[in-house]
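Right, one structure below, let's go through it.
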Amino acid sequence: MNITKENIDELNAVVKVEIAAADYQDKVSEILKDYRKKADIPGFRKGQVPMGMVKKQYGKSVMIDEVNKLLQDSLNKFLTEEKIDILGNPLPKMQDDFNWETADYAFEFELGLAPKIELDLKAKNKIKQYKIVADKKIIDEEVEKIRKQFGKLVSKSEVEEGVSLTGTFVNEEKEINKKSTIELATIKGKTNQKKFIGKKVGDVVALKTKGLFTDDHQLMGALGLSHDDIHDLDITLTFTIEEINVTEFAEMNQELFDKVFGKDVVKTEEELRAKIKEEIEKQFQGQADQQIINDVNDYLVANTKFDLPAEFLKKWIVVSGEKPLTPEQAAEEYERSEKGLRFQLIQDKIFKDNNLQITLDELKEYTKGFVVAQMAQYGQLNPEEKQLDEIVQRVLTNEDEVKRLQDQLMGQKLLDFYKANVPFEEKEVTYEEFVKEVYK
């Protein structure tokens, strides 16, 4: 067997694999002998079928299978040993004069070679590193949510501002008959809200569905309809009031503090607000970190110049999917995926050059942290180590979960690498300012 590589240019090459009869004949003979032992052909005792008949019936197909196995194995081994970094998979070159009736064969494969990439992590204009702070407005809103969550419902005799209403929406034509609880504040417009003010249990209010709620998705829940059902829905319905309640906010005292954060963790309103600020800013940090990754990735893709074997990749896309594509469809798919491919090559280089990899122990430890966080959400704050190990072991037998956790862990490693190697300009913003600036 002989394998050679010819470089067409820096991004394209052809590999030629020459296979002689001596490379596969022994294996073919071994398989045919095994076939002869097992062959069950009328007129012959088992194991006594003439070898000539076995060769005639199975010889060619066995030979083709073995040549193809040998070809694939030797090509993969060659690419690995020669450390040839390719994009996509080798594409066989069609040979009009190819003939399986000969004893020796020559195969050619086109290769798309991975480009050489030079990274510059020092952006001329420093990338922003956002520090998102929880301002007074958002803390006030969270305090109100907590007081409302742990407050108590008080029944009211008639509708006034700030109440919640339980009742039944009815429209016979659309077969709507749905009992729902709604907040009066979610009703859109003063005109609609005035229809409720002063009403009592048993009263019926006539409403139009169009523009009824401040958010159309609330109409879905209130009427028990699908997204398609409420699209352009403009009908009249009635709402029969069955309950009128107002939430009496919980008092700012130790009982509330203990319910929210545990016994004696917080002892004053100031400490409560400080704790809320800390928790909110932890959540904001995740969004700020993700923005770092997004911005650095965009910078690297935009400023790292390298060519790709575009024509090869388009040909590979034609045959690589579940269904073959036309050259025109493949060209469109290449245009859609080119940016993602460039980023993947840049990321692979960062991982390779900086030895960013995941060990099994790291994956187990990361999974353990994930499990602990999940259990804490359900009130299991101090799981035993043995129980944790058993759960981690079960999680790591699920391939999809392992892939998801590996991606998360590699994302964290990439973030840590960026923070250590990319110059940033820190900018302190409120969450509202962050949303306006980032999402525009």
Side-chain angles (χ1 to χ4, degrees), residues 1-8 12-114 309 312-327 329-330 360 393 396-403:
M1 182 186 298
N2 185 41
I3 304 180
T4 56
K5 178 170 79 77
E6 178 187 356
N7 288 333
I8 307 303
N12 295 274
V14 173
V15 169
K16 186 173 184 179
V17 183
E18 296 176 323
I19 297 177
D23 296 321
Y24 62 83
Q25 276 182 340
D26 288 349
K27 184 65 175 177
V28 170
S29 296
E30 180 184 333
I31 292 173
L32 290 176
K33 286 178 183 178
D34 190 54
Y35 275 26
R36 182 171 181 254
K37 292 177 184 177
K38 299 175 181 177
D40 189 3
I41 297 177
F44 298 95
R45 284 190 299 165
K46 194 170 184 178
Q48 298 301 314
V49 179
M51 180 55 79
M53 184 177 289
V54 174
K55 286 182 178 180
K56 184 177 181 180
Q57 187 167 351
Y58 302 109
K60 187 173 181 179
S61 63
V62 170
M63 181 272 292
I64 291 174
D65 283 347
E66 287 308 307
V67 169
N68 280 323
K69 288 178 186 177
L70 183 61
L71 174 63
Q72 195 62 53
D73 291 346
S74 58
L75 179 60
N76 290 339
K77 184 178 179 183
F78 176 77
L79 295 174
T80 301
E81 290 180 347
E82 296 297 317
K83 297 179 180 178
I84 301 172
D85 196 2
I86 65 171
L87 301 181
N89 292 316
L91 288 178
K93 294 185 72 174
M94 296 299 103
Q95 301 176 49
D96 294 334
D97 59 348
F98 186 83
N99 185 1
W100 281 111
E101 300 301 327
T102 61
D104 300 333
Y105 306 99
F107 302 90
E108 290 186 341
F109 293 86
E110 294 180 66
L111 303 181
L113 305 178
F312 168 84
L313 289 170
K314 290 173 188 177
K315 285 195 284 186
W316 175 68
I317 290 171
V318 167
V319 298
S320 63
E322 292 183 7
K323 295 181 180 179
L325 302 179
T326 65
Q329 289 172 324
L360 181 58
Q393 196 63 39
L396 294 181
T397 60
N398 183 316
E399 289 185 11
D400 291 338
E401 276 296 298
V402 170
K403 176 68 167 60

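Along the sequence shown, residues are numbered consecutively beginning with 1.
Across every non-hydrogen atom of Val62 and Leu32, the tightest pair is CG2-CD2, 4.1 Å. A pairwise comparison of heavy atoms in Gly112 and Pro309 identifies CA-CG, 4.0 Å as the closest pair.
Listed for the Tyr24 side chain is no donor-acceptor partner under 3.5 Å among the backbone atoms of Met63. Side-chain atoms of Asp23 come within 3.5 Å of backbone N or O of Ala20 as a donor-acceptor pair.
Judged as a salt bridge (Lys or Arg N to Asp or Glu O under 4.0 Å), and not counting sequence neighbours, the contacts of Glu101 are Lys60. Residues satisfying the salt bridge (Lys or Arg N to Asp or Glu O under 4.0 Å) test with Asp85, not counting sequence neighbours, are none. Applying the side chain to side chain contact (heavy atoms under 4.5 Å, CB included) criterion to Leu325, with sequence neighbours excluded, gives Ile317, Gln329. Here Lys403 pairs with Asp407 under the side-chain hydrogen bond (donor to acceptor under 3.5 Å, both in side chains) rule; sequence neighbours left out.
A 6.0 Å sphere centred on CG of Asp104 holds more than 12 heavy atoms belonging to other residues, nucleotides or ligands. Remark: Lys5 NZ is packed, more than 12 non-hydrogen atoms of other residues, nucleotides or ligands lying under 6.0 Å away.
Within the structure, side-chain hydrogen bond (donor to acceptor under 3.5 Å, both in side chains) contacts touching residues 87-99 (residues at least two apart or in different chains) do not occur. Screening residues 51-74 for ring-ring contact (aromatic ring centres under 6.0 Å, His included), with sequence neighbours left out, gives Tyr35-Tyr58.
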Practice item. Before giving the answer on side-chain contact (heavy atoms from CB on, under 4.5 Å), spell out for Leu111 and Phe312 the whole-Å C-alpha distance, their side-chain angles and the decisive distance to 0.1 Å. Key: CA-CA 8 Å; Leu111 303 181; Phe312 168 84; 5.6 Å; no
Review point. Could you go step by step and tell me if Glu110 and Lys315 meet the side-chain contact (heavy atoms from CB on, under 4.5 Å) rule?
Key: CA-CA 10 Å; Glu110 294 180 66; Lys315 285 195 284 186; 2.7 Å; yes
Review point. Would Glu30 and Lys33 count as a side-chain contact (heavy atoms from CB on, under 4.5 Å) if you check the C-alpha gap in whole Å, the side-chain angles of each, and the deciding distance to 0.1 Å?
Key: CA-CA 5 Å; Glu30 180 184 333; Lys33 286 178 183 178; 5.8 Å; no
Exercise for review: Give the C-alpha distance, both sets of side-chain angles, the deciding distance and a yes or no for side-chain contact (heavy atoms from CB on, under 4.5 Å) between Leu75 and Ile3.
Suggested key: CA-CA 8 Å; Leu75 179 60; Ile3 304 180; 5.5 Å; no
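Taking the six-membered ring where the residue is Trp, Phe98 and Trp100 present perpendicular rings, their angle passing 60° and hence far from 30°.
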